[in-house]
Amino acid sequence: MTQTSENVTWLTQEAYDKLKEELEYLSGPARTEIAAKIAAAREEGDLRENGGYHAAKEEQGKQELRVRQLTQLLENAKVGEAPAAEGVVAPGMVVTIAFDGDEDDTLTFLLASREYASDEIETYSPQSPLGTGVNGKKVGEDAEYELPNGKKASVKILKAEPYVG
C-alpha cells in the first residue's frame, strides 16, 4: 500500500520491493535492450525518416523519466504502515463520499498514489482535485473541490477505512 504525507511516501514492504525491482530492471537490462534497439535502427541508414529509430529514442526517454520517478519515490519512502485513524480521510484509506449530500449518489475509492492503482478499486491521487478536497476530513464532514470547468463541487464523507488490499 502507498500513503503519502507531505514529502514521505509510506509503502508496504511488498510495494517497496516491487518498485525497487522495477527500478533495477529499468536501470540495467532495459537500458541495454533500448540501446541495442537504437543501435540496430541507426544501422538502417537515414535517421530523419527512420521510424524505428525515433520510436526507440522516445521509448528511451519515457524509460529514463520512469527511472527518475522511481528513484525519487524510493528515496522518500518509509517502509511500514503509516498511522491511520479510522474515520479520517488520509492516503491509504478507502473513502465513500456522497455527491451534494445525496446518499444515493455515492462513490467509493482508494486515496493513494498512482503506483498503487489497481483494477480492484478506483484510485484517486491525494494531489487530485477530489483527493485534495477530502484529505484530512472526518466522516460526516463536507468537503469541497474544484471541477475541471472551474466550478466547485461538494461531497459528504460517509466512510473512511484503512485499505486492506
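Just the heavy atoms: all of them, side chains too, but no hydrogens, waters or symmetry mates, feed the values below. All residue numbers refer to positions in the sequence shown, counting from 1.
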- Item | salt bridge (Lys or Arg N to Asp or Glu O under 4.0 Å) evaluation trace for Lys62 with Glu58 | CA-CA 6 Å; Lys62 289 178 182 175; Glu58 186 175 325; 3.4 Å; yes
- All pairs passing ring pair (Phe, Tyr, Trp, His ring centres under 6.0 Å) where residues 125-145 contributes a residue, at least two apart: none
- Do Glu64 and Arg31 pass the side chain to side chain contact (heavy atoms under 4.5 Å, CB included) test, and can you show the C-alpha distance, the side-chain angles, and the key distance before you say yes or no? CA-CA 9 Å; Glu64 290 304 316; Arg31 276 188 176 148; 2.8 Å; yes
- Item | Donor-acceptor contact below 3.5 Å, side chain Ser27 vs main chain Glu24 | no
- Could you check Asp142 against Ile157 for side chain to side chain contact (heavy atoms under 4.5 Å, CB included), going step by step and ending with a plain yes or no? CA-CA 6 Å; Asp142 290 328; Ile157 311 299; over 6 Å; no
- If you draw a 6.0 Å radius around CD in Gln72, do more than 12 non-hydrogen atoms from other residues or ligands fall strictly inside? no
- Are Leu110 and Leu158 connected in the hydrophobic side-chain network, where two residues link if heavy atoms are under 4.5 Å apart? no
- Message: Applying side chain to side chain contact (heavy atoms under 4.5 Å, CB included) to Val94 and Lys159, what does each step give before you reach the verdict?
- Response: CA-CA 8 Å; Val94 174; Lys159 275 192 206 174; over 6 Å; no
- Give, for atom OG1 of Thr71 and atom NZ of Lys20, the distance between the pair rounded to the nearest 0.5 Å. 8.5 Å
- Item | Audit row: Tyr124, Leu107, side chain to side chain contact (heavy atoms under 4.5 Å, CB included) steps and yes/no | CA-CA 11 Å; Tyr124 282 82; Leu107 172 68; 3.8 Å; yes
- How long is the gap from NZ on Lys152 to CD on Glu146, to the nearest 0.5 Å? 5.0 Å
- Query: Heavy atoms, side chains only, cut-off 4.5 Å: are Gln60 and Lys37 in contact?
  - Reply: no
- List the atom of Pro126, the atom of Pro91, and the distance in Å for their closest heavy-atom pair. CG-CG, 3.8 Å
- Heavy atoms of Ala90 and Asn135 approach each other most closely as CA-OD1, 3.5 Å
- Query: Does a side-chain heavy-atom distance below 4.5 Å link Ile97 with Thr106?
  - Reply: no
- Item | Distance, nearest 0.5 Å, that separates CD of Glu75 from CG of Leu70 | 11.0 Å
- Message: Once rounded to the nearest 0.5 Å, what's the spacing between atom CD of Glu59 and atom CD1 of Ile38?
- Response: 8.5 Å
- Message: Would you say that Arg42 contacts Asn50 through its side chain, given a criterion of any heavy-atom pair below 4.5 Å between the two side chains?
- Response: no
- Message: Looking at every heavy atom in both Gly136 and Val88, which two are closest together, and how far apart are they?
- Response: O-CG1, 4.0 Å
- Query: Just how far is it from atom CD of Gln63 to atom OH of Tyr25, taken to the nearest 0.5 Å?
  - Reply: 7.0 Å
- Message: With rounding to the nearest 0.5 angstrom, report the NZ to OG1 distance, Lys156 to Thr96.
- Response: 13.5 Å
- If you group Ile, Leu, Val, Met, Phe, Trp and Tyr by side-chain heavy-atom gaps below 4.5 Å, do Leu147 and Phe99 land in one group? yes
